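Counting begins at 1 with the first residue of the sequence. From a predicted model like this one, the values you see are computed outputs, not experimental measurements.
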Amino acid sequence: MLGRTIPDVTLKTRVRDETVEGPNPFRWQDVGTADLFAGKLMVVFSLPGAFTPTCSTEQCPAFERDYDALKKLGADEVYCLSVNDAFVMYQWGRHLGLEKVKLLPDGSGDFTRRMGMLIRKDHLGFGERSWRYAMVVDDGKIVGWFEEPGINDAGLDEDPYGESAPDKVIAWLEANPK
């Protein structure tokens, strides 16, 4: 993955817009990943799904806790990407009380598929989801890569989490200052 350019796909997001009347003041906004990552140093972590155990109790909260450390080491932003729609990602962020980490919905799995990280979690009834990984992206190029071992479609794992934890990313950023 190192040295690859991230996939240029359009993510369907929802953004707050006070000009929208009613109880749901949000509008659809397409976000192109090429534009989002252009000229910036970004930390991205991807996980199997919103509201799932490891993602909700460990991985996403850990990146939220370590957000300031990641920013201090040069990250312009920290994004969590999941194969979930914008509505689910929004509610999950509210549920977790996220204030710093930004959530990116990859509802159709297009980004994840093009990253080669789309797996099947049919054994859990999830369908297609992302394998757990993190990366450092510099101006659209992957410069740091952290993937959980044993990628598979058959559930031949115990949902590994460790290699994609924020402490690994922090150590990489410390060893590779911008």
Side-chain angles (χ1 to χ4, degrees), residues 6-7 9-37 40-73 75-113 115 117-122 124-137 146 148 159-170 173:
I6 59 156
V9 301
T10 300
L11 302 175
K12 302 290 187 182
T13 68
R14 301 272 293 164
V15 295
R16 187 170 201 81
D17 183 342
E18 298 304 327
T19 67
V20 175
E21 295 181 15
N24 189 14
F26 293 87
R27 64 176 165 73
W28 287 103
Q29 180 170 310
D30 288 354
V31 173
T33 55
D35 293 335
L36 184 66
F37 292 100
K40 298 176 188 145
L41 184 73
M42 304 293 207
V43 171
V44 180
F45 64 100
S46 190
L47 40 79
F51 293 103
T52 58
T54 303
C55 304
S56 297
T57 62
E58 294 184 44
Q59 191 173 19
C60 202
F63 275 93
E64 178 79 3
R65 280 190 308 273
D66 287 337
Y67 179 90
D68 293 333
L70 292 161
K71 292 276 289 182
K72 188 177 280 188
L73 289 167
D76 289 301
E77 197 52 80
V78 179
Y79 286 104
C80 171
L81 185 130
S82 183
V83 181
N84 289 113
D85 64 64
F87 297 105
V88 169
M89 294 294 278
Y90 174 75
Q91 289 301 328
W92 186 48
R94 287 185 63 200
H95 175 79
L96 292 178
L98 296 181
E99 296 178 359
K100 300 173 182 179
V101 168
K102 308 296 185 290
L103 300 176
L104 290 175
D106 186 18
S108 297
D110 292 337
F111 185 89
T112 303
R113 180 179 300 107
M115 284 293 297
M117 293 285 112
L118 193 66
I119 60 164
R120 300 208 54 88
K121 289 260 187 192
D122 293 332
L124 296 174
F126 291 176
E128 292 183 324
R129 295 298 178 108
S130 179
W131 187 251
R132 198 180 302 279
Y133 68 92
M135 62 182 168
V136 178
V137 180
F146 315 88
E148 297 302 329
D159 192 23
Y161 173 62
E163 291 304 312
S164 61
D167 61 311
K168 304 283 185 172
V169 178
I170 288 169
L173 289 168

Counting only N and O atoms by type, is there a donor-acceptor contact under 3.5 Å from the side chain of [X] to the main-chain atoms of [Y]?
X      : Y      : result
Asp66  : Ala69  : no
Ser130 : Ser82  : no
Asp106 : Asp110 : yes
Arg132 : Pro160 : yes
Glu64  : Val101 : yes
Asn84  : Pro105 : no

Grab the two heavy atoms, one from [X] and one from [Y], that are nearest each other, plus how far apart they are.
X      : Y      : result
Val83  : Glu128 : CG1-O, 3.7 Å
Ala50  : Val88  : CB-CG1, 3.6 Å
Glu163 : Phe146 : O-CB, 3.2 Å
Ala75  : Val43  : CB-CG2, 3.9 Å

Item checked: Test log, rule ring pair (Phe, Tyr, Trp, His ring centres under 6.0 Å), inputs Phe87 and Trp28 -> CA-CA 11 Å; Phe87 297 105; Trp28 287 103; 5.4 Å; yes
Check: Do Leu104 and Leu36 pass the side-chain contact (heavy atoms from CB on, under 4.5 Å) test, and can you show the C-alpha distance, the side-chain angles, and the key distance before you say yes or no?
Finding: CA-CA 11 Å; Leu104 290 175; Leu36 184 66; 3.9 Å; yes
Check: Would you call the rings of Phe51 and His95 parallel, tilted or perpendicular if under 30° counts as parallel and over 60° as perpendicular?
Finding: tilted
Do [X] and [Y] make a side-chain contact, defined as non-hydrogen atoms from C-beta onward lying under 4.5 Å apart?
X      : Y      : value
Cys60  : Phe45  : yes
Thr112 : Trp131 : no
Phe111 : Ile6   : yes
Met115 : Met135 : yes
Met89  : Arg14  : no
Pro48  : Lys121 : yes

Next item on the list: Report yes or no: do Glu148 and Ser164 form a side-chain donor-acceptor pair below 3.5 Å?
Entry: yes
Note to self: Is it true that Asp17 and Thr19 share a donor-acceptor pair across their side chains at a distance under 3.5 Å?
What the structure shows: yes
Item checked: Val78, Leu70, Leu73 screened by side-chain contact (heavy atoms from CB on, under 4.5 Å) with Val169, the one that passes -> Leu70
Which value, rounded to the nearest 0.5 Å, describes the distance between [X] atom [atom1] and [Y] atom [atom2]?
X     : Y     : atom1 : atom2 : answer
Tyr90 : Thr13 : OH    : OG1   : 13.5 Å
Thr57 : Leu96 : OG1   : CG    : 9.5 Å
Thr33 : Tyr79 : OG1   : OH    : 11.0 Å
Phe63 : Glu58 : CZ    : CD    : 12.5 Å
Asn24 : Arg16 : CG    : CZ    : 9.0 Å
Leu47 : Thr54 : CG    : OG1   : 10.0 Å

Note to self: Strictly below 4.0 Å, N to O, side chains only: are Glu77 and Lys102 in salt-bridge contact?
What the structure shows: yes
